[in-house]
Q: 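The following block contains the structure, expressed as structure tokens.
Numbered from 1 within each chain, the chains take letters A, B, ... in sequence-line order. Any value given below was found using the heavy atoms of this structure, including those in side chains, with hydrogens, waters and symmetry copies removed.
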2 protein chains.
Amino acid sequence: MTVIFSKKCEYGLQAVLYLSTLEEGAMASADEISRKLEIPKEFVSKILQSLTAKKLVKSRKGNSGGFFLGKPASKIKLIEIVEAIDGLSLFNNCVLGFPECSPDNPCPVHNKWGKLRESAYKMLTDETLEHFKKKTIAKINTIGKKK
Amino acid sequence: MTVIFSKKCEYGLQAVLYLSTLEEGAMASADEISRKLEIPKEFVSKILQSLTAKKLVKSRKGNSGGFFLGKPASKIKLIEIVEAIDGLSLFNNCVLGFPECSPDNPCPVHNKWGKLRESAYKMLTDETLEHFKKKTIAKINTIGKKK
DNA sequence: TAGTAATCAGATAAATTAATCTGATTAAAA
DNA sequence: TTTTAATCAGATTAATTTATCTGATTACTA
């Protein structure tokens, strides 16, 4: 298999994007998120719990409780979620798996991959959840509907 | 964890790159490859066996046997190894894990990721093992030596 | 021809990741 | 105050990936 982010991270990103579409003060239960995104309820719940521990997400227990963003969508970037769940090894390790890949001891594709890695990092760092809101809503609305 | 290629694929790429540095007609045993690249012998052996089945690598049994490239290094591209081991799902699936990500139903980072994906594909497709030979030799020679 | 060292094949073990289950706690609402 | 529906916490299970083991076969070499 070939993967960029682990399932945990993919689900985490999706869930946080979902939370960013809620209106001010609203929250969403693990059950709701699970249904809307068609991902396992207990799993997404666990993931959001771990993000709660890192203050990216907050939660309220009890009836009508749920999860909501830990700070405004305009202040959260995708990279924060990735870092909290998968870490940043993607941006530090050699793409071919060679040990200690560095500019003065580069693997055969070191330079090319370096540029790509930078762009990927930029993609996750440049924009906030707020910026993605419209696109996120459009995407989420298509889930579960056959085209 | 965050990964581009599976360990199997990383080891496969390294092993094939190693084979590309051998001189015409030479071959390397799984044991030699394992020692030089510092990766598990039985594992790399298994991986090369699977590549043998796909004609990318050939092998000879018996004493003084080993593995060697199935065709000239000047005719093998990295993408062939990746495809044989991990498949090309990296280049087809949504980076955020959304179902059915496409130009007319894009995820929030669809366009940006699309460009990156293309460059990554290019990196694996443009050059042959022959082209990487010098860099490969330099890299391999540093393994196991402290700087 | 016997010994040795290699691939090959398939089973198994270990580790990691993904997913589920169970029970406790919390808090709103009837 | 009781019921209900949610998070939370931790254990457990399932699936996948990574790694190892064992025995058979092959072919070179002494």
Side-chain angles (χ1 to χ4, degrees), chain A residues 1-15 19 22 25-70 82 85-87 89-90 97, chain B residues 1-15 19 22 25-70 82 85-87 89-90 97:
Chain A
M1 215 216 315
T2 309
V3 150
I4 297 291
F5 304 124
S6 66
K7 273 267 170 289
K8 204 185 281 187
C9 193
E10 285 182 1
Y11 291 164
L13 286 164
Q14 291 184 26
L19 292 181
L22 301 177
M27 62 183 73
S29 71
D31 188 69
E32 171 185 342
I33 298 170
S34 157
R35 275 183 291 105
K36 291 283 175 61
L37 298 176
E38 296 187 343
I39 60 187
K41 173 181 161 184
E42 289 86 356
F43 201 18
V44 80
S45 169
K46 268 239 153 297
I47 295 165
L48 288 174
Q49 277 170 40
S50 81
L51 292 179
T52 300
K54 305 195 177 187
K55 316 281 187 193
L56 289 166
V57 164
K58 289 181 181 165
S59 71
R60 212 176 61 190
K61 281 192 181 183
N63 195 333
S64 78
F67 295 95
F68 54 102
L69 295 181
V82 172
I85 299 178
D86 272 352
S89 66
L90 170 64
Chain B
M1 215 217 314
T2 308
V3 148
I4 296 290
F5 303 124
S6 66
K7 272 267 169 288
K8 204 187 280 188
C9 193
E10 285 183 0
Y11 291 164
L13 286 165
Q14 291 184 25
L19 293 181
L22 302 176
M27 62 183 72
S29 70
D31 188 70
E32 171 186 341
I33 298 171
S34 157
R35 274 184 291 106
K36 291 283 176 58
L37 299 176
E38 297 188 340
I39 59 187
K41 174 182 162 184
E42 290 88 354
F43 201 18
V44 80
S45 169
K46 269 240 153 297
I47 295 165
L48 288 174
Q49 278 170 39
S50 79
L51 292 179
T52 301
K54 305 196 178 186
K55 314 284 188 191
L56 288 166
V57 163
K58 288 180 181 165
S59 70
R60 212 175 60 190
K61 282 191 181 184
N63 196 333
S64 79
F67 296 94
F68 54 102
L69 294 181
V82 172
I85 299 177
D86 271 353
S89 65
L90 171 64

Q: Provide, to the nearest angstrom, the distance between the CZ atom belonging to B:Phe67 and the P atom belonging to C:dA5.
A: 18 Å
Q: Show me the pairs that pass side-chain hydrogen bond (donor to acceptor under 3.5 Å, both in side chains) and involve residues 48-58 of chain A, at least two apart or across chains.
A: A:Ser45-A:Gln49
Q: Whole Å only: how far is the CD atom of A:Gln49 from the C1' atom of C:dG23?
A: 14 Å
Q: Expressed in angstrom and rounded to an integer, what is the separation of B:Asp31 atom CG from C:dA5 atom C1'?
A: 10 Å
Q: Is the closest basic N to carboxylate O distance between B:Glu10 and B:Lys7 below 4.0 Å?
A: yes
Q: Quick one: B:Glu38 CD to D:dT18 P, roughly how many Å, whole number?
A: 19 Å
Q: Atom NZ of A:Lys8 and atom C1' of C:dT20: how far apart are they, to the nearest Å?
A: 14 Å
Q: Would you mind reading off the distance between B:Ile85 atom CD1 and D:dT17 atom C1', rounded to a whole angstrom?
A: 14 Å
Q: Locate the shortest heavy-atom distance separating A:Ala30 from A:Val44; write the atom from each residue and the value.
A: O-CG1, 4.0 Å
Q: Taking all non-hydrogen atoms of both residues, which atom of A:Val82 and which atom of A:Cys9 are closest, and how far apart?
A: CA-SG, 3.8 Å
Q: Reading DNA chain C from 5' onward, which residue's closest nucleotide shows up sooner: A:Asn63 or A:Lys7?
A: A:Lys7
Q: Specify the closest pair of heavy atoms between A:Ala28 and A:Leu19, including all atoms of both residues, with the distance to one decimal.
A: CB-CD2, 4.0 Å
Q: Would you say a side-chain N or O of B:Tyr11 is under 4.0 Å from OP1 or OP2 of D:dT18?
A: no
Q: In residues 39-46 of chain B, which ones come under 4.0 Å of DNA chain D, going by heavy atoms?
A: B:Pro40, B:Glu42, B:Phe43
Q: Find the distance B:Ile33:CD1 to C:dT7:C1' and express it as a whole number of Å.
A: 12 Å
Q: When you compare the side chain of B:Leu22 with that of B:Leu69, does any pair of heavy atoms fall below 4.5 Å?
A: no
Q: When the distance from CZ of B:Phe68 to C1' of C:dT7 is rounded to whole Å, what number comes out?
A: 12 Å
Q: Return each pair, listed once, that meets ring pair (Phe, Tyr, Trp, His ring centres under 6.0 Å) where at least one residue sits in residues 35-54 of chain A; pairs must be two or more places apart or across chains.
A: A:Tyr11-A:Phe43
Q: Which of the following nucleotides, D:dC28, C:dA28, D:dT18, is nearest to the side chain of A:Arg60?
A: C:dA28
